[in-house]
Protein chains: 2
Amino acid sequence: MITSVDPALALTIRREESLTSIIRREIERMIDERELNPGDWVNEAMLASRLKVSRGPVREACRGLEQSGLLQVVVNRGVFVRKIEPKDAAELYDLRAALFALAGRLLAPKITKTQVAVLRKLVNAMDRAASAEGDLDKYYPLNLEYHRKLFEFAGNARLLATYLSLVRELHLFRRRALEPSGRMADSNAEHRRILDAIAAHDAEGASRLMEAHVLASKGRSETEASDTK
Amino acid sequence: MITSVDPALALTIRREESLTSIIRREIERMIDERELNPGDWVNEAMLASRLKVSRGPVREACRGLEQSGLLQVVVNRGVFVRKIEPKDAAELYDLRAALFALAGRLLAPKITKTQVAVLRKLVNAMDRAASAEGDLDKYYPLNLEYHRKLFEFAGNARLLATYLSLVRELHLFRRRALEPSGRMADSNAEHRRILDAIAAHDAEGASRLMEAHVLASKGRSETEASDTK
DNA sequence: AAATCGAAAATCGTCGACGATTAGCTATTG
DNA sequence: CAATAGCTAATCGTCGACGATTTTCGATTT
């Protein structure tokens with residue numbers, strides 16, 4: 001999700017990218033790889049010296065990340081990695097479902113044969129991952145990619161951006177926030193039905209199926225929220 | 001939509017609010033009141049001296065505003081008020097419709113009598129504004145308020161935040177981006193039907209009505225985009 | 001011993017300054 | 001006269017420093 005670039009190298013190359021954006025990516029990476037955990041305090045000075053820059057660009061990066069929901073800034077106290085409570089996560093899941101409904105409705109009428117092929121390839125790959133010992137490590141990224149492609153193909157840039165930002169927040173709540181609700185094989189069967197509906201240009205059907213498919217992971221997150229952590 | 005506070009006063013009071021957030025509100029206000037127009041260049045130094053602060057806080061405010069889509073930052077060239085093209089606006093309208101569908105589905109099962117009363121009061125007020133010479137200046141803010149309340153009552157904070165940010169962007173595209181698609185009376189009749197469905201706890205009905213109601217303004221924006229410029 | 005108070009350290013918010021990049025203007029050339 | 005090249009001014013990106021606020025930790029009191 002987050003393109004990883006060697007910060008030191010990027011520092012020498014840039015000239016068409018400000019330090020701020022590089023630092024933002026770096027912070028995103030640190031959160032993504034759990035070097036920073038929800039609730040953790042982000043020390044401006046330490047980050048600055050670690051990246052060999054001054055505090056200015058670091059602060060600017062944090063302001064951007066605050067707006068996108070990854071960080072939380074408390075006046076005169078500092079910035080912290082945002083904590084996603086189960087309640088927040090539930091809200092995000094609902095929002096995600098609504099976005100999927102829209103994606104399906106937009107995509108079904110306009111999908112091309114090439115795009116169908118791309119999606120079908122992903123579904124097949126997931127089938128293999130699901131049958132081979134149920135390898136979630138293989139299944140999960142494919143699942144993420146499949147869902148993402150649905151939004152890319154939907155052709156609404158703003159919808160895609162909103163979806164990605166939302167997924168990033170959800171991963172803050174749980175690393176595998178979007179794993180299939182039931183068995184992988186069952187989940188992928190739904191992927192296949194969704195793809196069929198889209199390929200048949202059935203907007204309403206695709207929209208309904210996608211929303212339902214995605215709402216399942218919400219229910220799952222709620223039942224697990226009690227025993228996890 | 002944007003709470004207006006005298007910047008000079010706020011500057012003396014704060015102590016629990018950073019300059020950055022005050023400046024961000026000020027820039028939002030300037031955009032809102034068309035002191036800054038889409039495409040305009042935002043001079044950091046000028047803004048800083050006008051507000052009697054240094055460039056640091058101004059830059060931080062701009063980074064936040066960039067992330068929320070109001071400003072666009074070009075490296076080594078400066079920040080500009082974002083230009084919303086008709087294509088972007090169409091995307092936002094679609095997104096808005098999807099959000100309304102979700103709001104309706106969430107709100108219908110849980111709305112209280114008090115909330116219904118609040119909404120009904122707004123609808124009645126809009127009726128008066130619509131009949132009295134069709135006063136759009138009176139109708140428009142009520143319309144905005146009515147829609148906003150639907151999201152507030154839906155009880156999903158993140159949904160509300162997304163909606164508000166989206167409306168703010170839409171107003172960047174056109175000051176009256178959300179005016180009724182047909183005659184005010186007709187539009188308000190839809191408001192009444194929506195309210196009835198919600199009051200009757202009909203989630204699916206409300207969801208469908210709200211989405212349709214809101215999609216109408218998209219169609220309108222597209223037909224006007226050609227002659228309004 | 002627990003709680004409260006106060007001083008010292010750490011961190012944040014803000015500022016002014018410096019080099020680097022870009023834009024605008026003038027002069028030169030074909 | 002148009003186009004290009006070079007110079008100048010304006011602006012951006014980054015930095016280090018200073019006062020203000022918060023936190024830490026030990027001393028004092030009950």
Considering only distance and modelled atom types, tabulate donor-acceptor pairs under 3.5 Å from the side chains of residues 79-87 of chain B, sequence neighbours left out.
unit_1: B/Arg82; atom_1: NH1; unit_2: B/Gly69; atom_2: O; d: 3.2
unit_1: B/Arg82; atom_1: NH1; unit_2: B/Glu169; atom_2: OE1; d: 2.6
unit_1: B/Lys87; atom_1: NZ; unit_2: B/Glu91; atom_2: OE2; d: 3.1

Across all chains, not counting sequence neighbours, the ring pair (Phe, Tyr, Trp, His ring centres under 6.0 Å) partners of A/Tyr139 are none
For DNA chain C, produce a single dot-bracket line, 5' to 3'. Pairs: Watson-Crick or G-U wobble, both distances under 3.5 Å. Symbols: ( ) within strand, [ ] crossing, | other strand, . unpaired. ||||||||||||||||||||||||||||||
List in chain and number order the residues that pass ring pair (Phe, Tyr, Trp, His ring centres under 6.0 Å) with B/Phe153, two or more places apart in sequence or in another chain; answer none if no residue qualifies. none
Between CG of A/Leu71 and P of C/dC12 the distance, given in whole Å, is 13 Å
Applying side chain to side chain donor-acceptor pair (under 3.5 Å), name anything that partners A/Asp94, two or more places apart in sequence or on another chain. A/Lys218
Output a table of nitrogen or oxygen pairs between the protein and nucleotides 8-11 of chain D separated by less than 3.5 Å.
unit_1: D/dT11; atom_1: OP1; unit_2: B/Asn43; atom_2: ND2; d: 3.4

Charged N to carboxylate O under 4.0 angstrom, A/Glu17 versus A/Arg25? yes
Going by the rule side-chain contact (heavy atoms from CB on, under 4.5 Å), which residues pair with B/Thr112 if we only count those two or more places apart in sequence or in a different chain? B/Thr114, B/Gln115
Sequence neighbours excluded, which residues qualify as side chain to side chain donor-acceptor pair (under 3.5 Å) partners of B/Asn156? none
Which pairs pass salt bridge (charged side-chain N to carboxylate O under 4.0 Å, His left out) with one or both residues in residues 54-69 of chain B, sequence neighbours excluded? A/Arg59-B/Glu60, A/Glu60-B/Arg59, A/Glu60-B/Arg63, A/Arg63-B/Glu60, B/Glu44-B/Arg55, B/Glu44-B/Arg59
Per the under-4.0 Å heavy-atom filter, residues of residues 55-65 of chain A near DNA chain C come out as A/Arg55, A/Arg59, A/Arg63
Results of side chain to side chain donor-acceptor pair (under 3.5 Å) for B/Glu35 - residues two or more places apart only: B/Arg29
From the set C/dT14, D/dT14, D/dC12, return the single nucleotide nearest to any side-chain atom of B/Leu19. C/dT14
Considering only residues two or more places apart or on different chains, which pairs with a residue in residues 97-109 of chain A satisfy salt bridge (charged side-chain N to carboxylate O under 4.0 Å, His left out)? A/Arg105-A/Glu204, A/Arg105-B/Glu211
Check the distance between C/dT21's C1' and A/Glu17's CD and give it to me in whole angstrom. 16 Å
